[in-house]
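In the text below, chain A, chain B and the rest are named by the order of the sequence lines, each starting its count at 1. Heavy-atom basis, side chains included; hydrogens, waters and symmetry copies ignored.
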Protein chains: 2
Amino acid sequence: MSSAISPLAPTHVPDMPAIAGVRMATAEAGIRYKGRTDVLLALFDPGTTVAGVFTTSKCPSAPVEWCRANLKSGKARALVVNSGNANAFTGKTGRAATKLTADIAAKTIGCKPNEIFLASTGVIGEPLDATKFAPVMQSLANSVSGTFFHEAASAIMTTDTFPKVATATARIGKAKVTICGIAKGAGMIAPDMATMLSFVFTDAAISAPALQGLLKEGVGSTFNAVTIDGDTSTSDTLMMFATGQAKGCPKIARAADPQLKAFKKALHDVLADLAEQVARDGEGARKLIEIVVEGAVSDKSARKIAMSIANSPLVKTAIAGEDANWGRVVMAVGKAGEPANRDKLSIWFGGIRVAHKGARDPGYDEAKVSAEMKKPEIFLKVALGMGKGRDRVLTCDLTKEYVAINGDYRS
Amino acid sequence: MSSAISPLAPTHVPDMPAIAGVRMATAEAGIRYKGRTDVLLALFDPGTTVAGVFTTSKCPSAPVEWCRANLKSGKARALVVNSGNANAFTGKTGRAATKLTADIAAKTIGCKPNEIFLASTGVIGEPLDATKFAPVMQSLANSVSGTFFHEAASAIMTTDTFPKVATATARIGKAKVTICGIAKGAGMIAPDMATMLSFVFTDAAISAPALQGLLKEGVGSTFNAVTIDGDTSTSDTLMMFATGQAKGCPKIARAADPQLKAFKKALHDVLADLAEQVARDGEGARKLIEIVVEGAVSDKSARKIAMSIANSPLVKTAIAGEDANWGRVVMAVGKAGEPANRDKLSIWFGGIRVAHKGARDPGYDEAKVSAEMKKPEIFLKVALGMGKGRDRVLTCDLTKEYVAINGDYRS
C-alpha cells in the first residue's frame with residue numbers, strides 16, 4: 001500500500017456539518033488491517049429514504065446483490081461498510097456473510113435486516129468473516145455522532161492516500177437543506193460506476209423513487225466520467241440517504257419536481273467534487289488529467305473517445321513522463337471506433353494547440369508545451385470537427401508507482 | 001528505448017531460406033536513429049501478387065492509406081519500410097512523403113509507383129523527410145540478396161529488443177512451397193490488427209484475391225489474438241507477397257481451393273509464431289501470459305472476455321508481481337459485459353484450479369500456485385460454464401519498465 005499522501009490531494013478540506021437524522025461511528029474490527037479503523041456504521045432515523053447505483057459488473061459482490069435486493073422498500077435504518085475485504089466472489093459463504101452482518105446490525109439497532117445496507121471493499125475472493133462485526137456492533141451503535149464524516153471517510157479507505165469528503169447546501173422551497181458525501185477509490189476505477197464506494201447523505205425530504213432518479217442523473221457527468229485504469233470493480237457502489245429532517249422542507253415525490261433545481265446543482269457539485277478527488281487519488285497518480293472532447297457526432301460519441309484517451313496506457317505513460325506526445329492522442333482517438341476524420345482533428349495541451357487539421361500545428365512551440373506538461377494538472381482538449389457532441393472526463397497518469405502498488409497489493 | 005533483450009525471447013532462431021523472386025537489402029537512411037539500419041527494401045520479380053490487412057484505426061497513417069489504395073491491382077514489385085517515423089498524422093506532407101518514396105523506388109527499379117508498397121513505424125505526428133530515401137535507394141537496389149530476413153527484421157525494429165522471423169514449408173499439389181515472415185512490435189499492440197508491422201513472403205502461386213482471403217483467415221487466431229496494452233496503432237500492417245516461382249506449383253485462384261490445406265496450416269504456424277514473438281517482446285514484458293477462456297456462449301464472447309482479462313492493468317500488474325490474484329480475473333470477466341454467471345465460474349493458474357463455482361477452490365494451495373507464478377510463462381484458464389465458446393489470446397505483464405519505456409520514448 002501507498003503511504004505518502006497523493007501530491008494531487010486537495011489543499012482545502014471542508015468542514016462537514018451534521019445531517020439531522022444521520023449519526024455515525026467507526027471501529028477496528030480487524031478484518032484485514034491492523035491499527036486502523038475498518039468498519040463504519042451509519043444510523044438513520046426512521047423515515048429515511050434510500051437510493052443506489054451499482055457496478056455494471058456481471059460478477060457483482062455479495063453486498064451489491066444484497067443492496068440491490070433491498071432497495072425496493074426504499075427505506076434505510078443503517079449502513080455498514082467495511083474495508084479490507086470486498087466479500088466478492090465468495091459464493092454461498094459471501095451471501096451468508098451479508099445476511100449475518102445485516103442480522104447483527106438489525107438486532108443491535110432494532111429494525112428489519114432489509115433496512116440495513118452493506119458495502120465491502122478490499123481483496124476479492126477471500127471469505128469475509130462477518131462474525132468479527134458482532135463484538136464491535138453494540139459499541140458502534142452506542143458511540144454514534146453526527147459530525148463524523150472525516151472519520152467515516154477514513155474507515156472505508158483501502159489504497160486511498162487521503163479521505164474524501166464534500167458538502168453543499170441548497171434551498172428546496174424555503175427550506176435550507178444540506179448534502180454531505182464521502183467516497184473512496186482508488187484503483188479499479190472505471191465508468192458505470194466509476195467509484196468503488198461513495199455514500200451521500202441529505203436532510204432533504206425526497207421519496208426513494210425521486211432520490212433514485214436524482215442519483216442516476218447525477219452520476220453521468222461525475223463518477224461515470226472518471227477512470228483510473230479502465231478496470232471496473234465488482235463492488236462499485238454509490239448510495240444516497242435522505243432523512244427528510246430539514247426544517248420546513250416540502251416532501252418531494254418526483255425527480256422532475258421543479259423545486260429540486262438548486263438541489264440538483266448542489267448534488268452535482270458534491271458528486272463532481274468526490275469524483276475528482278477519486279481521480280486525484282488514483283493509484284500512483286502524479287498528474288490529474290482533464291480531457292475535453294468536442295465536435296463529436298454526439299455527446300455519447302465524445303464520451304467514448306474521451307474514455308479511449310483516458311484509458312490509453314500509452315497516453316497515460318507519456319503524461320507521466322511529462323511528454324506532450326499528441327501522436328498517442330491521435331492513436332487513442334483512432335482506436336475508439338467512433339466517427340473521426342484525421343484531417344479535421346485538432347489537439348490542445350494546456351490550452352496550446354499542438355495539432356491542427358490532421359497535422360502538427362505550424363506554430364507549435366514544444367518548449368511552451370513542455371512547461372505545461374510539468375504542471376500537476378494537465379488539460380487536454382480534442383476537437384473533432386464532426387458535430388456538436390461534447391464531453392469531459394477525468395483521469396490520472398500511469399506511473400511506476402501504479403505498477404508497484406498493484407504488483408504488491410495482495411502479498 | 002530498452003536495450004536488454006527480452007528475457008522471453010525465443011532461444012532458437014530458425015534459418016530463413018531464400019524465397020525465389022524475393023530479394024532484400026537494408027540501409028542507414030538516418031530517419032531518426034543513428035548507427036543502425038532503418039530502411040528496408042524488398043524487391044519482387046514481375047508476377048508477384050500482394051494482399052494486406054491493416055489497422056482498424058479511424059486515423060490511419062499515410063502509408064496505410066497508400067497501401068490500401070494500391071492493393072486493388074494485386075501486383076507488387078517492391079516494399080519500402082522505414083523505422084523511426086510512422087508518417088502518421090502528418091497531413092498533406094504525409095501523403096506527399098508516401099508519393100515521393102514510391103516515386104523514388106519506382107524510378108530506381110523501373111516499375112509503376114502503384115506497384116510499390118510502403119510501411120513506416122515510429123513516432124506519430126512528425127513529418128517524414130522522404131528525400132532521405134533518395135541517396136540510399138540505388139545502392140539498396142544494387143545490393144539486394146535473397147537470404148536477408150534477419151537483417152530485414154532488424155531494420156524495422158523500434159522498441160523491439162529482438163528481430164522476429166519465422167518460416168515454414170508446405171506442399172501445394174506436388175510442389176514444395178516456402179513461407180518466410182518477419183515482424184516487429186512491441187507496444188501499441190491490440191487486436192484488429194495486433195502487430196505494428198509484419199511481412200510474409202512465399203514462392204507459392206496464389207492469386208491476389210486468394211492471398212487476401214488466406215491472410216484474413218490467418219490473422220484471426222494469431223495477430224488479432226495478441227494484445228500488449230490494448231492500444232491500437234495508426235500503422236498496423238500485415239502484408240503478404242507471393243512470387244509464384246516455386247517449381248511446379250499449380251496456380252491457385254481461390255482461398256477455398258482444397259489444394260491449400262497444408263499451406264493454410266503452414267501460414268497459420270508462421271503468423272502464430274510471429275504473433276507470439278510480438279507478445280514475448282511486449283514493452284517491459286517479463287511474463288508471457290496465455291489466456292484460455294472456455295464455456296462462453298460463443299467463440300466471439302470468449303474472445304471479448306479473454307481480451308478483457310488480457311488488457312486489465314490490474315491483472316497484468318498482479319502477474320508482474322507474481323501474485324495469483326484471481327479476484328482480479330473475476331473483475332475482468334465481470335467488466336467484459338458478456339454473459340457470465342459468477343456461481344459457475346472456475347479459474348486456473350498454471351493448471352491449478354484456484355476458484356470453482358463462484359468461490360475459492362477448497363483445495364487451493366497458494367504455495368503451489370505461487371511457484372507457478374514465478375515461471376516466465378503463465379497459463380491462465382477461465383471456464384464460464386455457459387456454453388461451448390472458446391478462445392485463446394496472448395499478452396504479457398505490465399511492469400515498471402513498460403512505464404519507463406513509454407514515459408521516455410519520445411524525449
Side-chain angles (χ1 to χ4, degrees), chain A residues 56-60 86 88-94 123-127 187-188 190 229-234 312-314 317-318 320-321 323 325-328 330-340 342-343 345 355 357-360 398-400 402-404 406-411, chain B residues 56-60 86 88-94 123-127 187-188 190 229-234 312-314 317-318 320-321 323 325-328 330-340 342-343 345 355 357-360 398-400 402-404 406-411:
Chain A
T56 56
S57 173
K58 301 280 178 179
C59 301
F89 209 63
T90 41
K92 286 178 191 169
T93 324
V123 173
I124 299 174
E126 303 280 339
M188 213 184 271
D229 50 19
D231 276 345
T232 304
S233 165
T234 55
S312 160
L314 288 169
T317 48
D323 177 8
N325 193 324
W326 56 269
R328 292 183 182 173
V330 177
M331 177 282 300
V333 171
K335 80 163 182 168
E338 291 296 309
R342 187 191 60 196
D343 297 340
L345 197 58
K357 296 197 172 170
R360 186 161 66 175
L398 171 56
T399 64
K400 292 176 193 172
Y402 176 90
V403 178
N406 285 298
D408 310 334
Y409 180 63
R410 212 179 59 137
S411 47
Chain B
T56 57
S57 173
K58 302 279 178 179
C59 300
F89 209 63
T90 41
K92 285 177 193 169
T93 321
V123 172
I124 299 176
E126 304 279 338
M188 212 184 270
D229 50 20
D231 276 345
T232 304
S233 164
T234 55
S312 161
L314 288 169
T317 49
D323 178 7
N325 194 325
W326 55 269
R328 293 183 182 173
V330 178
M331 177 282 300
V333 171
K335 82 163 180 165
E338 291 296 308
R342 187 190 60 199
D343 297 340
L345 198 57
K357 294 195 173 173
R360 186 160 66 177
L398 172 57
T399 64
K400 291 176 193 173
Y402 176 90
V403 178
N406 284 298
D408 310 335
Y409 179 63
R410 213 179 58 137
S411 44

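To the nearest 0.5 angstrom, B:N325 atom CG is 9.0 Å from B:M331 atom CE. For the atom pair CG (A:D343) and NZ (A:K357), the distance works out to 10.5 Å, reported to the nearest 0.5 Å. How far OG1 of B:T56 is from NZ of A:K335: 10.0 Å, rounded to the nearest 0.5 Å.
Judged purely by atom type and a 3.5 angstrom limit, B:R342 has no side-chain atom pairing as donor or acceptor with the backbone of A:F89.
Proximity to chain A (any heavy atom under 4.5 Å) is shown, for B:S312, by both the backbone and the side chain. Residue B:T93: no heavy atom, backbone or side chain, is found under 4.5 Å from chain A.
The most heavy-atom pairs under 4.5 Å with chain B, out of A:A359, A:A318, A:G358, come from A:G358. Across B:A332, B:G337, B:G94, the residue that shares the most heavy-atom pairs under 4.5 angstrom with chain A is B:G337. Among the candidates B:G91, B:P313, B:A86, the residue making the largest number of heavy-atom pairs closer than 4.5 Å to chain A is B:P313.
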Check: Should A:E126 and B:R360 be marked as a salt bridge (charged side-chain N to carboxylate O under 4.0 Å, His left out) after you check the CA-CA gap, both sets of side-chain angles, and the distance that decides it?
Finding: CA-CA 7 Å; A:E126 303 280 339; B:R360 186 160 66 177; 3.1 Å; yes
